[in-house]
Amino acid sequence: MSKRHNFLMGAAMALVLALPASAEDITGDTVLATVNGDAITMAHLVASRLALPPQYQQLPDDVLFEGLMEQLIQQTVLTQAMGEISRRTEVQLENERRALIASEVLQGAVDEALTDDALQGAYDAKYANAEPSQEWNASHILVETEDEAKALVEALNGDADFAELAKEKSTGPSGPSGGQLGWFGTGMMVPAFETAVKDLEAGQVSPPVQTQFGWHVVKLNEVRMQGAPAFEDVREELVAEMETAAADGAIAVLMETAVIERTDTTGIDPAILKDASLID
C-alpha cells in the first residue's frame, strides 16, 4: 500500500471519528474539515452535490460524500494558494453571483404563484368553457405520383388490406405502422388533407389527395367529439405556462421600478465579445 494511500485512509478515518455520534446532530453549520483554519461545512457539501449534473447526482451517497469532501479540500488549498485573484476570475465570480441570486428571486416568484388553487384556476379559465370539438383518427398511404395513388385506390376497392399496402408502398414515416396517424383535430393537418378527411365517413377511403408532400390515399378510421382534457393530462403544460408567466411578471415589475441608464452602444462592434483580453 502506497504512502499516499495510507495518508488518505488515515485522513478519512480521522474525519469519520470527528463527526457527531448521531446524524440527528448534524446541521448545515457542522464543520467537516478545516484547511489552514478555513471551515468546510455540511452546507458546502450539500451545495456541491446540488451543483452536480443529474447523472453524477445518481452516484452512491458514500461515493459522493467522499468525492465531494476531497474536492472541496483540494479547492480550498488551491484557493488559498492563489493570493490575489485575477480580474478575469473576479468578473466571472460577479456574474456567477448575479446569476445565482437572480435565479433564486425568480424561483421565489414561481413558487409563490404555483399554488394548487392557482393551477386549478388556470385550468378552469382555459378549459371550463371549452366547446367539444371534432377529432378524426385516420391512416394514409403516401406516394410520389397520382397514378400510383389511383392504383392504390383501385387495389383497396378490390379488398386489399390498407395497413399492408401502407407498409409496402407508403413513403411516409407512418408507413411501417400501417399508415396510422392517430387522433388529430382541426388545423393539425395541411388544408387539402384535412378537407379530404372531413368528406369521408368512418371506414371510407378517399380518392387521391395532393399536398406538398406528394399524393395521399386516406382512410378515415373513427370520428369523436372531444371535450376539455382532464386536469392531470394538462397539469405539466399549465405549470410550464404559469412558471413562465410568473417569471416574466416578476421581471416586468422590477424593471418598471428600476433606474436603468444605458450607454449608447451603437458604435460598438459586437464582435468585440470575442476579445478575451478585455477581462485579463
Side-chain angles (χ1 to χ4, degrees), residues 24 27-29 42-59 61 64 94-140 173-174 177 180-200 202 218 220-262:
E24 295 177 358
T27 69
D29 294 328
M42 193 67 236
H44 290 130
L45 227 64
V46 172
S48 294
R49 181 188 177 279
L50 289 175
L52 291 172
Q55 64 268 32
Y56 290 108
Q57 293 192 31
Q58 303 306 313
L59 290 171
D61 292 337
L64 282 175
E94 289 174 358
N95 276 350
E96 185 67 19
R97 182 176 185 274
R98 185 182 294 118
L100 285 170
I101 293 174
S103 177
E104 186 170 346
V105 171
L106 287 179
Q107 189 60 54
V110 167
D111 290 343
E112 185 177 350
L114 278 179
T115 65
D116 289 340
D117 287 344
L119 276 171
Q120 185 63 52
Y123 172 82
D124 292 341
K126 190 170 185 177
Y127 296 110
N129 298 319
E131 295 291 334
S133 59
Q134 195 167 33
E135 291 186 341
W136 301 268
N137 183 300
S139 302
H140 80 138
S174 64
S177 61
Q180 294 182 13
L181 296 171
W183 289 99
F184 55 90
T186 300
M188 295 178 66
M189 295 294 178
V190 294
F193 190 97
E194 182 176 304
T195 298
V197 170
K198 289 180 176 180
D199 288 341
L200 296 173
V218 184
L220 179 60
N221 301 316
E222 296 179 73
V223 181
R224 70 182 181 187
M225 296 300 292
Q226 186 72 353
F231 176 79
E232 288 302 322
D233 290 342
V234 293
R235 181 185 177 89
E236 290 186 9
E237 174 188 325
L238 293 172
V239 166
E241 291 174 356
M242 291 181 66
E243 284 178 340
T244 299
D248 289 347
I251 293 171
V253 169
L254 293 172
M255 289 288 285
E256 285 178 6
T257 57
V259 178
I260 301 171
E261 298 176 1
R262 298 179 185 270

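On a predicted model such as this, the values are computed, not experimentally measured, just so you know.
Nearest heavy atoms, A118 versus A113: CB-O, 3.2 Å. Counting all heavy atoms, side chain and backbone alike, A250 lies closest to L106 at CB-CD2, 4.4 Å. Among all heavy-atom pairs drawn from F231 and L119, the shortest one is CE1-O, 3.8 Å.
Residue D233 qualifies as enclosed at atom CG: its count of foreign heavy atoms under 6.0 Å is above 12. In E131, the CD atom is not crowded: 12 or fewer heavy atoms of neighbouring residues, nucleotides or ligands sit closer than 6.0 Å. Within 6.0 Å of CE on M225 lie more than 12 heavy atoms contributed by other residues, nucleotides or ligands. A 6.0 Å sphere centred on CD of E104 holds no more than 12 heavy atoms belonging to other residues, nucleotides or ligands. More than 12 heavy atoms of other residues, nucleotides or ligands sit less than 6.0 Å from atom CG of N95.
Rounding to the nearest 0.5 Å gives a distance of 10.0 Å between OH of Y123 and CD of E232. Atom CD1 in I251 sits 12.5 Å away from atom CD in E256 (nearest 0.5 Å). Note that CD of Q107 is 7.0 Å distant from CD of E243, once rounded to the nearest 0.5 Å. The CD atom of E237 lies 12.5 Å from the CE atom of M242; values are rounded to the nearest 0.5 Å. Taking OG of S139 as the start and CG of N221 as the end, the distance is 4.0 Å to the nearest 0.5 Å. Remark: S174 OG to Q180 CD distance equals 9.0 Å, nearest 0.5 Å.
Not counting sequence neighbours, Y56 has no partner by the ring-ring contact (aromatic ring centres under 6.0 Å, His included) test.
The shortest side-chain heavy-atom distance between L52 and L59 does not fall under the 4.5 Å cut-off. Residues T186 and Q134 have side chains not in contact (no heavy-atom distance under 4.5 Å, counting atoms from C-beta outward). Looking at L200 and W136, their side chains never come closer than 4.5 Å, going by heavy atoms from C-beta outward. Counting heavy atoms from C-beta on, the side chains of W183 and E222 come closer than 4.5 Å. Inter-residue side-chain proximity for N137 and R224 is flagged as unmet; no heavy-atom pair is nearer than 4.5 Å. Under the 4.5 Å side-chain criterion, counting only non-hydrogen atoms from C-beta, L181 is in contact with H140.
A donor-acceptor contact shorter than 3.5 Å links the side chain of E194 to the backbone of G187. At distances below 3.5 Å, at least one donor-acceptor pair connects side-chain atoms of T195 with backbone N or O atoms of P191.
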(message) For a side chain to side chain donor-acceptor pair (under 3.5 Å) check, start with the C-alpha distance between D116 and Q120, then their side-chain angles and the critical distance, and finish with the verdict.
(response) CA-CA 6 Å; D116 289 340; Q120 185 63 52; over 6 Å; no

